[in-house]
Amino acid sequence: IGRATGVFASELTAAYYAFLDAGMQVDVASPSGGLIPVEPLSVNPIIRTAGDDRLLGDAVLRAKINDSLPIASVDIDAYDIVYLAGGWGAAFDLGFSEPLATKITEANAAGLIIGGVCHGPLGLINATGADGRPLVEGRRVTGVSNRQVRDLRITNTPQHPETELRSKGALYESSKRISDVLANHWVVDGNLVTGQNQNAGPMVAREMLRLAQQRLTGARPSRPICQNPRARRPRAPRPSSQPQLSEVGARAASHARRRPLHGRQHLRDTPSMPPAIAATSGSTTLENLPAKRQVHVVGAGPVGLLLTAL
């Protein structure tokens, strides 16, 4: 006996509509294909975002969520961005999906921009780099913290991002508040962009678009800046055979519709998002970009989406 769960709505909609509004066509995929359940609590009017309201009236996205692409059938070479949406449902399938691990490995080998928030980075843990080592080994990443899992008293899910990422040698970092539910932190390390929880959705989308723009134009990456100097950083770096370009996202994207839950981030002060690429929970396609410019996003599938501790 448990409680129905799935993808957390804003972790899908923030990125999906950022990419869509940047001029991209977005596909939605999941480990098994078909219906992607949405966490019921995430569409509660108390916490629902403007993007979630938009979803409720968007027949196109609703159709994509009801009939998502199976990740195994996706031609990852046709995309430029892969985005992994989180939610408690992701704890039951993203980290266990062999086809997803294969596609993330292929996406990295092709130089695609890969990102995710909250539980979404669980989709990275079984992917490998060019040297056959774990993709996240020696790289700075974030995801929902163990402290937030304890704060919400949902500790019986089969995988927790902080634990799993650390076990693969990732240099995990996060921001801490009175409750980590109120924290906001995101990290850019090379082609990986990860966000600590749902609050980082707009920032992760913004940084993915920026990197995709650089990839398309051949521009050199911008100088790394620190998003949160007080964030908990890894204690000691671990050796990695992969060259690293680590950056931490700056402030929130000006296009975002709501202020993130972080007292020092002000949306009105930030530069606008470059007119480039977009992705969402599931899979994304960028028809309007030169050549084969597409985005792919993965959401939690229909397998094992019950929690037993609520």
Side-chain angles (χ1 to χ4, degrees), residues 7-22 24 26 49 51 80-87 90 94 104 107 112-124 136 139-145 148 161 165 170 172-175 183-215 221-222 224-228 231 246-262 265 267 270-274 276-284 295-299:
V7 64
F8 199 85
S10 66
E11 295 176 25
L12 186 158
T13 60
Y16 179 88
Y17 287 118
F19 298 143
L20 190 70
D21 293 345
M24 304 173 74
V26 180
T49 68
D80 288 300
I81 287 179
V82 178
Y83 172 82
L84 301 161
L94 294 193
I104 295 295
L112 307 191
I113 310 305
I114 304 169
V117 297
C118 201
H119 285 80
L122 286 171
L124 305 175
V136 297
R139 303 183 71 175
R140 293 172 60 190
V141 296
T142 189
V144 69
S145 66
Q148 179 169 336
L165 290 167
Y172 177 87
E173 59 185 66
S174 65
S175 180
N184 192 5
H185 187 68
W186 64 99
V187 185
V188 182
D189 188 330
N191 66 328
L192 293 184
V193 186
T194 49
Q196 182 173 339
N197 55 28
Q198 72 279 2
N199 301 324
M203 302 77 175
V204 168
R206 189 268 323 270
E207 294 299 330
M208 294 182 76
L209 286 170
R210 180 179 61 82
L211 291 178
Q213 178 82 342
Q214 292 175 352
R215 181 173 181 263
S222 59
I225 54 179
C226 185
Q227 176 261 333
N228 183 2
S246 297
E247 357 182 73
V248 183
R251 289 172 290 181
S254 62
H255 79 292
R257 297 176 180 270
R258 68 183 182 113
R259 189 183 300 262
L261 299 176
H262 189 303
Q265 294 165 351
L267 303 186
T270 58
S272 59
M273 181 179 290
I277 301 178
T280 178
S281 230
S283 181
T284 306
V295 176
H296 183 76
V297 184
V298 179

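Annotation for Y172 and L165: closest pair CD1-CD1, 4.2 Å, computed over non-hydrogen atoms. The nearest pair of heavy atoms linking V188 to L211 is CG1-CD1, 3.6 Å. When all heavy atoms are compared, the tightest approach of M208 to I113 is CE-O, 3.8 Å. When every heavy atom of I104 is checked against every heavy atom of G123, the shortest pair comes out as CG1-O, 3.7 Å. Closest of all the heavy-atom pairs between V82 and A107 is CG2-CB, 4.0 Å. The two residues V187 and H185 have their closest heavy-atom pair at CG2-NE2, 3.5 Å.
We find the CG-OG1 distance between D189 and T142 to be 12.0 Å, quoted to the nearest 0.5 Å. One finds the CG atom of L124 at 9.5 Å from the CG atom of L94 (value rounded to the nearest 0.5 Å). Separating the CG atom in N197 from the OG atom in S145 is a distance of 7.5 Å, to the nearest 0.5 Å. Atom CG of residue L12 and atom OH of residue Y16 lie 8.5 Å apart, to the nearest 0.5 angstrom.
Within the 4.5 Å cutoff, no side-chain heavy atoms of R215 are placed close to those of N191. In this structure, V117 and Y83 have side chains that are in contact, with non-hydrogen atoms separated by less than 4.5 Å.
Checking side-chain atoms of E173 against main-chain N and O of R140 turns up no donor-acceptor pair under 3.5 Å. Using modelled atom types, no side-chain atom of Q198 and backbone atom of F8 make a donor-acceptor pair closer than 3.5 Å. When atom types are taken as modelled, the side chain of Q196 and the backbone of S174 share no donor-acceptor pair closer than 3.5 angstrom.
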